[in-house]
Amino acid sequence: MTAPKEARARAEALRAEIERHNRLYYVEDAPEITDAEYDRLFRELQELEAKHPELLAPDSPTQRVGGAARGELPPVRHEVPMLSIRTEAEADDAGAAKFDARIRRELGLSPRDPAVEYLAELKFDGLAINLRYQHGELVMGATRGDGETGEDVTPNVRTLRSIPLRLHGSAPALLEVRGEIYMTRADFERLNQRQSAAGQKTFVNPRNAAAGGVRQLDPKVTARRPLTFSAYGVGRVEGWKQFARHSELLDAMEKLGLPVHPARKVVHGADELVDYHRRIGEQRAQLPFDIDGVVYKVNRLDLQRRLGALAREPRWALAHKFPPQEETTEVLGIGVQVGRTGTLTPVARLKPVFVGGVTVTNATLHNEDELRRKDVWVGDTVVVRRAGDVIPEVVGVRAKGPRRREERFEMPQHCPECGSPVVRVPGEAATRCTGGLYCKAQRKQTLLHFAARRAMDIEGLGEKIVEQLVDRGLVDSPADLYELKEAALAELERMGEKSARNLVGQIEKSRDAELHRLIFALGIPGVGEEVARILAREFRSLEALAHADWPKLAADKESVRKQNAQRKKRGEPALKVPLEGIGPELMDSIAKFLHEPHNRKVIARLTAPRTGVRLRQTAPSPAPEGKTFVLTGALSSMTREQAQSELEARGHKVAGSVSKKTDFVVAGAEAGAKLDKARSLGVKVLDEPEFLELLNKASPR
Ligand code: IVH
């Protein structure tokens, strides 16, 4: 049966449209449609092809999903060998000057001759690949192998959306495209999160993940690896026009719909090579993928031919590396650092190692889960990474040291800074100190939180003032704020008598706070505004909250829950559940905080008659018709904490992890596993503009 004309026409239009969007996305970096719209086009084509199998063509974008697994990767002989690039031993500016001097000498140029023209490019850190296009159609993809013979990975490369299955416009009879397959750091992080969530092995770096992904026997596995391709050269070419320059060749490849990275630049002479190297070095951390240096190539192709190659390395190209961002070293110990928000971070003490341009002796292990996932022990040889200005981190274990069970690192039960008990906040990977009001490491942060608009709303108590108050020992805890004297304040920098008087006035004003504001202001781990309101309504005074019998409350809650289950069966109305919306882990966190002796002391002072605050009852807020939100990724207009309080102020709940009960996921930049989960569960995802619109629709209560 032949497909109706309209179906055939529609399938062709869809294929062209999908490939156009691939090109806009990967080559021009200017997508016109959202992922969801792209998926709709894709699904429509899939359905058409399923209905009319005779419409199926090997170059259809639906055929990228990967065919059957193979027994081995067949060898492929490269018609034009795939060379490597000479690397200058001196990874500094002298290296570029030496290269330029050598090129001039070999070309027989005198000092009076003009500067040599080069094309400077990024040196991608992935896997080199040769893509063969016959009359514009992708017919083969092969790895570099030893340069002479590589492996046939055709079904695998066909799964990469950045690799066109068909070239755009008038393609040469034969074109071998050479370039690199690599993985962006964000995709790498997501992949690792997915792997570890599925209990599978994680990868040490994006390069390994990319190389392993390409060299798979089962192309379906490759299809699940988020890989990207960039072209930087050609192999055998037939039936194409003659180009004078390498840069013109790359421009023409781009016109055929091949992704060529835009960071390439035509430069002249050694100084401009050095400028390029420096500029890219500065931008390196902002690039979404790893590079290990830049590549200089003599731009004129006739000169390239004259220079030729020596021992598998063309004489016309040079790799100018950056200082390594990864090194291996030994773990001498594992300690814990307390951050400004009370988070306990495990830190590896290392045998000093030079990486990312500095000597590193400490590297973060992020949190307990990460440390376990990477399985780092004292005595292990680990890979340490320092990219740009970011904190050095332990990426993974290279070689295991001797491991004795009794020496296994455990997160401490008490804060190393103040001795208060620590808690794991539900839904978070972080371990936190409960000594919030007292812990020195957190003092400044606690005070700022206490004074924040949504907490006690003390105008004028900003970062600069808090810094000085704490550093000069004038304020240790929020309770001290209410004993501050105008004269002492006036002594501070950026403070005159008038500002001091204003600030004291503001502090005085804050004594008349609603109970839930004070509860929120205490900074109990896991207690946002909404939970603070629940606590205020339930306990009606800070004393009652501070003296609550938590084990009994938990038992009551459990018993009401059981009774309700029975009542439901009998068709009876449910009883009110105490502390509805506050789970056992959160109750534990609140209990630990309130039992902590230093916190108790501060609370006692805060609630003391005359010297303390005068609390007002929290007005009952309308029944929570709120939705459950999950925040992931970074928003550009506010911090995650701010986003959370904005939502809570509107009666919504913010949860730590995505489930079927989640109403919305707010996805900022570099959103990760939670976004994937939301998509797989069909939870509605809001981007930042949609989220802001939602906030603007309702005003805070
Ligand atoms: S050109 C000069 N250009 O580096 C002819 N290679 O050390 C050889 N690479 O196997 C290749 N970025 O995997 C070229 N802009 C770039 C490159 C690049 C990364 C890799 C490629 C190659 C290796 C050679």
Side-chain angles (χ1 to χ4, degrees), residues 189 333-350 360-374 376 384-395 409-452 455 462-464 466-467 469-471 475-478 520-528 585-586 589-590 592-593 596 598-599 602 631-635 638-645 654 656 670 672:
E189 297 294 339
I334 298 177
V336 167
Q337 235 166 39
V338 188
R340 291 218 306 158
T341 53
T343 309
L344 270 67
T345 305
V347 176
R349 316 271 174 233
L350 305 169
V360 168
T361 50
N362 290 310
T364 180
L365 288 156
H366 298 293
N367 55 54
E368 190 178 8
D369 292 350
E370 280 285 292
L371 171 121
R372 291 284 175 252
R373 179 173 76 71
K374 290 172 185 162
V376 180
V384 178
R385 180 187 165 86
R386 180 184 181 267
D389 290 332
V390 302
I391 300 165
E393 62 164 349
V394 174
V395 191
F409 171 80
E410 300 293 344
M411 287 298 275
Q413 302 283 309
H414 293 94
C415 172
E417 196 75 47
C418 72
S420 307
V422 305
V423 286
R424 271 288 293 264
V425 179
E428 277 185 26
T431 304
R432 285 181 202 282
C433 164
T434 54
L437 301 182
Y438 162 76
C439 182
K440 217 160 148 187
Q442 301 169 65
R443 230 167 252 174
K444 291 174 186 171
Q445 200 59 29
T446 309
L447 288 165
L448 283 171
H449 173 75
F450 187 85
E463 222 164 304
K464 292 269 153 30
V466 166
E467 285 277 306
L469 289 175
V470 173
D471 291 346
V475 171
D476 281 345
S477 81
F520 173 58
L522 294 176
I524 306 169
V527 176
E585 286 150 310
L586 190 48
S589 167
I590 299 167
K592 277 198 175 141
F593 183 96
E596 206 287 317
H598 297 100
N599 291 345
V602 173
L631 305 169
T632 177
L635 298 172
M638 62 183 90
T639 64
R640 196 178 284 201
E641 285 70 24
Q642 285 165 336
Q644 173 160 0
S645 40
V654 177
E670 314 227 335

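- Taking each heavy atom of V360 and R386 in turn, the nearest pair found is CG2-CD, 4.2 Å.
- Here the CG atom belonging to L350 is positioned 9.5 Å from the CD1 atom belonging to I334, to the nearest 0.5 angstrom.
- In this structure a side-chain-to-backbone donor-acceptor pair under 3.5 Å is missing from T343 to G339.
- Between atom CZ of residue R443 and atom CG of residue D476 there is a gap of 4.0 Å, rounded to the nearest 0.5 Å.
- Taking Q642 as the reference, M638, T639 meet the side chain to side chain contact (heavy atoms under 4.5 Å, CB included) condition, with sequence neighbours excluded.
- Pairing each heavy atom of A348 with each of L365, the nearest pair is N-CD1, 3.8 Å.
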Item to check | Verdict with reasoning, V466 to F450, per side-chain contact (heavy atoms from CB on, under 4.5 Å) | outcome: CA-CA 11 Å; V466 166; F450 187 85; over 6 Å; no
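- Contact record, V336 with F409: CG2-CZ, 3.7 Å, taken as the closest heavy-atom pair.
- Heavy atoms of other residues, nucleotides or ligands lying less than 6.0 angstrom from CD of E368 number more than 12.
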Checklist entry - Do Q442 and C433 pass the side-chain contact (heavy atoms from CB on, under 4.5 Å) test, and can you show the C-alpha distance, the side-chain angles, and the key distance before you say yes or no? => result CA-CA 9 Å; Q442 301 169 65; C433 164; 3.1 Å; yes
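- Distance check: N599 CG to T446 OG1 gives 9.0 Å after rounding to the nearest 0.5 Å.
- When all heavy atoms of A429 and D369 are compared, the pair lying nearest together is CB-OD2, 4.0 Å.
- Partner of T345 under the side-chain contact (heavy atoms from CB on, under 4.5 Å) criterion, out of T431, T364, V338: T364 alone.
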Item to check | V654/L631 under side-chain contact (heavy atoms from CB on, under 4.5 Å): CA gap, chis, key distance, verdict | outcome: CA-CA 7 Å; V654 177; L631 305 169; 4.1 Å; yes
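- The pair R372-E410 meets the salt-bridge criterion, since a charged nitrogen lies less than 4.0 angstrom from a carboxylate oxygen.
- Rounded to the nearest 0.5 Å, atoms CZ (R432) and NZ (K592) are 14.0 Å apart.
- Summarising the geometry of A363 relative to V394, their closest heavy-atom pair is CB-CG2, 3.8 Å, with the distance given to 0.1 Å.
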Next on the checklist: With side chain to side chain donor-acceptor pair (under 3.5 Å) as the criterion, how do E596 and S420 come out once you've worked through the C-alpha distance, each side chain's angles and the decisive distance to 0.1 Å?
Outcome noted: CA-CA 7 Å; E596 206 287 317; S420 307; 3.1 Å; yes
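- Scanning both residues, P525 and L586, for their nearest heavy atoms gives O-CD1, 3.9 Å.
- With salt bridges taken as basic N to acidic carboxylate O contacts below 4.0 Å, none links E585 and R424.
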Next on the checklist: Run the side-chain contact (heavy atoms from CB on, under 4.5 Å) test on M411 and V422 for me, step by step, so that the C-alpha distance in whole Å, both residues' side-chain angles and the decisive distance to 0.1 Å come before the verdict.
Outcome noted: CA-CA 9 Å; M411 287 298 275; V422 305; over 6 Å; no
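- Between V384 and E393, every side-chain heavy-atom pair lies at or beyond the 4.5 Å cut-off.
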Item to check | Trace of the salt bridge (charged side-chain N to carboxylate O under 4.0 Å, His left out) decision for K374 with E370 | outcome: CA-CA 6 Å; K374 290 172 185 162; E370 280 285 292; 3.0 Å; yes
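- For the atom pair NE2 (H598) and SG (C439), the distance works out to 10.5 Å, reported to the nearest 0.5 Å.
- Between H449 atom NE2 and S645 atom OG the span is 9.0 Å, to the nearest 0.5 Å.
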